[in-house]
Structures are given as C-alpha cells and as structure tokens.
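Here is the structure we will look at.
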There are 2 protein chains.
Amino acid sequence: MYEKKIPKNFSCGMAVLMEIIGGKWKSYLIYLINNDVRRPADLQRAIPSASRRVLDLQLRELEFHGIIKRVIYPEMPPKVEYFLTPFGESMLPVVAAMEAWGGEYMETFRQLMESKKKSMLTDGESVEIKDKPVIQRRRTLAKAV
Amino acid sequence: MYEKKIPKNFSCGMAVLMEIIGGKWKSYLIYLINNDVRRPADLQRAIPSASRRVLDLQLRELEFHGIIKRVIYPEMPPKVEYFLTPFGESMLPVVAAMEAWGGEYMETFRQLMESKKKSMLTDGESVEIKDKPVIQRRRTLAKAV
DNA sequence: GGGAATACGGAAAAAATTATCCGTATCCGA
DNA sequence: TCGGATACGGATAATTTTTTCCGTATTCCC
C-alpha cells in the first residue's frame, strides 16, 4: 500500500477542501449520492469509465473525512449504501457554486482544449508587452514573509 | 514533454473547475496574485516549499485558461508581472466560498490527519449496521443511464 | 571570475494517483 | 459447474503530477 513521503501543508482552507474533494471521481460521487444513487454497483454503473477500485478508494476517503457514511445491511448478497452526512451536506452550497461557475465556462473551455489538442501552441495570446509603466508599486505580501 | 494518454471527460462544471484550479499551488497563486504579489520571484518567495518549475508551469496553465494574464516589461533584468483577468476575478466568490468552508473544517481536519498518521486504522467509525429497512426505494439515476 | 539579482524551459527522476488484475465471500438460475 | 448478481481489498502496473537538474539570457557588484 502506497505511503506518501512529502508532508502536505494545509495552511489555507482551499488546500483543505481540495484534499477532501480533489480525487478524480469525488465530485461525481457526492453528486450521485446526493441524488439517491447510493449503492456501489449503481455508482459504478453511473460512472462507467471509472475504475471500480478507485471508486471504492475515494468512497473510503470521503467516509474518512465524514462527508458520507456507509450503511451495511446484514444480508446476502452484500448490501451497502452510502449517505451524505449533515457535514457532507454543509458542503453542497460550495459544490453548487463550483458547478455553476464551471458550467458557465464549459463551452469556452472545450474550445480551448480542442484548439490545444490541434496546435499544442497556444501560449502567448494573453501576453502584453508594456512600455515602462508609471504605476506606483504597492506593498506586496512577499515582503512581509 | 509529457503527453496525456487518457482523454478526460468534462461533462460537469465541477470537472471543469477542478481542471482549472486543481494543481497543487494554483489556489495559492490565485490568492497571492489577487493580493498584489505579481512577480514570479515574489510568488516563489511567498511559497518557499513550492518547486519553481511547477510554479511556472501552473502559472502558464492559469494563463492558458484566461484566469491570469502575463505582462512582460521590456527591460533587463527581465521583469514580468501577472494579473487576474476579469474572467479570473469572476472566480473569486467561488474561491472565497471554498476557502471559508475549508477554514471551518480545518481544525477537525488536522486532528483527523494526525490520528491517521498515528494509527493508519481509522476505518469503520462511521459504519452503521442496519436491520432490514422498511424504506421504500426511490428512483435512482443509475436506472436512467 | 563568481555570485547576486531578474525570468523560464527541456529532460529526467521521484512521488503520487489511477487502473488492472488477482483474490475473498454468498446466493440464484441456466 | 458456470455465470450472473451483490461488495471490496492487496499487489502491481500504468499514467500523471511534481521535483530536481540542467541549461538559456543580461546586468551589477565584490
């Protein structure tokens, strides 16, 4: 089993949130569970391109962080369901904001990725060569570190 | 230069947003640039544990997606500054929400990660063994796929 | 000359994440 | 018996991200 070597620094809330939902399928999982897709096999069917192993791993991570809870039913064949916890639900407004922002940008994004695939040369478009500026340099955080 | 083999699917806004700000240092970079830390060397000094190469790469990715723009001043030694674009600024409320949520959870998070390091055996705490439920199964998205 | 400042890209290595493949278990039906 | 259903973990391989190391350039100062 893999053991990480480099310690991570969670000095800002963003880093914490990214650690919690940063895996490839986690946002899909949160969405599906919140929409009543609760059983592992159903989750897998809803995301056919995902590796079952990674779905399991990421479900376990969400569980570890208290975002979801796992309910095991004592029967055969095995029956398990996942539910969002109240804590997990506290994240939903944030997830919705992220989803909304991404949805607005999606069309542009796809065109960008398409043009990137075609040319692999899209640098420089937003480069601006400036004359010597007269703008007064303001205080920077770097100096405070 | 690395070329990805497995195509990614951006069928939801979350996936798009995660692609844009998903790198290890990107959220830090957005925060710093929004707080007037604009020059590459200053960004590096503000995040001493980051690899300079990756900072450059992730700045380029943010630029590619139009989140920031790079301004090159014609002078020696080289002078470059990065600015948030209006589009990048449209992301700030989302970033703030993410930051706020992560900040609230931070203390619990740290304790969790600490206990994980100690025992590597934290599974099962949220497991609930249930009697046969009488809850009526509702429609699932999986069936619609 | 060497070291400091500035900025940054290619190549290769290391670390981390994801995917594949093997295995565990029970029950039911062809 | 085999294949389907259910759920899931260890080991290993493949892919991806991050890091290290090499290099490019100019100017200034000791």
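Every chain is numbered from 1 and lettered A, B, ... according to where its sequence line falls, protein lines coming before strand lines. These numbers come from a predicted model, not from an experiment.
For the pair A/R52 and A/P77, nearest-nucleotide mapping onto DNA chain C gives the more 5' position to A/R52.
Between B/D42 and B/R38, none of the side-chain N atoms (NZ, or NE/NH1/NH2) sits under 4.0 Å from a carboxylate O, so this pair counts as no salt bridge. One finds no salt bridge joining B/R39 and B/E81 here, because no Lys/Arg side-chain nitrogen approaches an Asp/Glu carboxylate oxygen to under 4.0 Å. Between A/R52 and A/D56 a salt bridge is recorded (basic side-chain N to carboxylate O distance below 4.0 Å).
Within 4.0 Å of B/V80, counting heavy atoms only, lie sugar-phosphate atoms of the nucleic acid but no base atom. When heavy atoms are screened at a 4.0 angstrom cut-off, B/Q58 is found touching the sugar-phosphate backbone but no base atom.
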Audit row: B/E19, B/K8, salt bridge (Lys or Arg N to Asp or Glu O under 4.0 Å) steps and yes/no: CA-CA 10 Å; B/E19 182 72 14; B/K8 282 191 178 180; 3.0 Å; yes
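Of the candidate nucleotides D/dT15, D/dT19, D/dA7, D/dT19 has the atom lying nearest to any side-chain atom of B/R53. Nearest nucleotide to the side chain of A/S51, out of C/dT20, D/dT15, D/dT6: C/dT20. Here D/dT17 is the nucleotide among D/dT17, C/dC27, D/dC8 with the atom lying nearest to any side-chain atom of B/K4.
Taking 4.0 angstrom as the limit, A/R70 places a side-chain polar atom (N or O) nearer than this to OP1 or OP2 of D/dC8. Contact annotation: B/K24 side-chain N/O to D/dT19 OP1/OP2 distance is under 4.0 Å.
You won't find any donor-acceptor pair under 3.5 Å spanning the side chain of B/R60 and the base of C/dG9, going by distance alone.
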